[in-house]
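Naming convention: chains lettered A, B, ... in sequence-line order (proteins, then strands); numbering from 1 in each chain.
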Protein chains: 2
Amino acid sequence: MSAKKLDRIDKKILKALVEDGRKSTIEVADQVGLSATACGRRIRQLEDDGFITGYSANISPKELGLNICVLITVKLNRHTPDGHEQFIHEIESHPEVSEFLLVAGNYDYLLRVWVADTDALTLFVANVLQGIPSVLETSTMLVLKQSGDLVNLPW
Amino acid sequence: MSAKKLDRIDKKILKALVEDGRKSTIEVADQVGLSATACGRRIRQLEDDGFITGYSANISPKELGLNICVLITVKLNRHTPDGHEQFIHEIESHPEVSEFLLVAGNYDYLLRVWVADTDALTLFVANVLQGIPSVLETSTMLVLKQSGDLVNLPW
DNA sequence: GTTGAAACTTATTAAAC
DNA sequence: GTTTAATAAGTTTCAAC
């Protein structure tokens with residue numbers, strides 16, 4: 001949970017590092033109006049306190065030949081631990097699934113899937129997904145446009 | 001589009017930098033079995049070729065006091081450029097929307113929204129979303145579990 | 001909070017293989 | 001591709017203010 005609270009400068013630091021996770025301490029310090037020493041201390045603190053959980057390189061799916069992104073909602077027919085386990089186990093072994101969410105609402109799961117072309121998509125939906133016994137029904141939405149992978153910070 | 005193809009080592013480099021975007025050239029080099037010089041060259045190449053689009057710090061929503069994540073599907077009543085523009089314009093000014101996708105399928109948009117509590121969620125859905133004239137109907141799914149924000153690479 | 005300096009680690013480049 | 005060496009830049013820690 002959130003134990004400590006962030007002041008305006010901490011928030012600026014987070015913003016700077018979300019924009020570019022490889023910014024040097026000095027660059028961040030300039031951007032937020034702090035000395036490098038003080039800024040370095042705060043960054044370390046933000047990491048230690050768990051506000052910053054890590055750093056990642058952002059990869060371009062298109063460059064990897066993954067031209068199609070779809071969202072697939074899934075309903076299971078067996079709402080038992082077994083049914084879920086079976087589903088998760090099958091799904092996890094498929095790298096085209098870039099994200100999967102357990103949800104409560106009209107569906108049980110929502111998957112984000114990247115594929116090269118419609119053939120690959122057909123294979124995935126027909127052979128993989130619908131081949132899982134605990135899957136009752138799926139519905140696929142084609143993603144036409146994404147809001148940048150930019151993370152919006154709440155300020 | 002993808003002009004150049006990646007060999008096994010390039011893929012390992014991408015994997016290493018997705019895991020930790022601040023890994024030093026030397027660490028990556030060790031991990032993939034390359035000299036630091038060669039590895040640095042490849043990393044720069046991957047950046048220049050657009051395979052790596054950038055680096056980001058990963059922030060913990062929980063630590064920021066954002067305890068609830070929901071997915072909200074949206075249908076518009078006016079499928080005109082104006083209707084979309086109006087919707088996007090309204091949505092973009094709300095930081096609780098961390099992601100929004102234009103989709104083709106059963107819905108028009110899908111939003112990922114982070115809020116502190118159910119009160120904030122109610123406010124957002126009732127006042128913000130349903131206050132937009134071009135919004136016909138929304139449906140909210142509570143996200144119970146996320147597949148790590150880990151990015152699955154297709155290998 | 002600040003500056004400044006020292007010690008250490010990296011990054012980058014070049015040269016030679 | 002490799003190693004080695006030199007330069008430049010960034011990080012971290014410490015002392016002093």
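Rounded to whole Å, atom P of C:dA11 lies 18 Å from atom CD of B:Gln45. Remark: C1' of C:dA11 and CZ of B:Arg44 are 10 Å apart, rounded to the nearest angstrom. Atoms CZ (B:Arg41) and C1' (C:dA15) sit 12 Å apart, rounded to a whole Å. Between the CG atom of A:Leu17 and the P atom of D:dG10 there is a distance of 15 Å, rounded to whole Å.
A:Ile43 has its side chain within reach of A:Ile13: a pair of non-hydrogen atoms, C-beta onward, lies under 4.5 Å apart.
Projected onto DNA chain D by closest heavy-atom contact, B:Arg22 and B:Asp7 fall at different nucleotides, the more 5' of which corresponds to B:Asp7.
Pairing each heavy atom of A:Thr25 with each of A:Cys39, the nearest pair is O-SG, 4.0 Å. Across all non-hydrogen atoms, the minimal contact from A:Glu96 to A:Val115 is CB-CG1, 4.3 Å. Between B:Ala36 and B:Ile26 the shortest heavy-atom distance is CB-CG1, 4.2 Å. Contact between B:Ser60 and A:Gly50 at its shortest, heavy atoms only, is CB-O, 3.3 Å.
Side-chain proximity of B:Ser24 to the nucleotides D:dT12, C:dT2, C:dT10 is greatest for C:dT10.
Residues from residues 25-40 of chain B placing a heavy atom under 4.0 Å of any atom in DNA chain D, listed by number, are B:Leu34, B:Ser35, B:Thr37, B:Ala38.
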Scan the side chains in residues 101-109 of chain A for donor-acceptor partners under 3.5 Å anywhere in the protein, sequence neighbours excluded, and list what turns up.
from, atom 1, to, atom 2, distance (Å)
A:Asn106, ND2, B:Ser139, OG, 2.9
A:Tyr107, OH, B:Tyr107, OH, 2.9
A:Asp108, OD1, A:His79, NE2, 3.4
A:Asp108, OD2, A:Leu76, N, 2.7
A:Asp108, OD2, A:His79, NE2, 3.0
A:Tyr109, OH, A:His84, ND1, 2.6

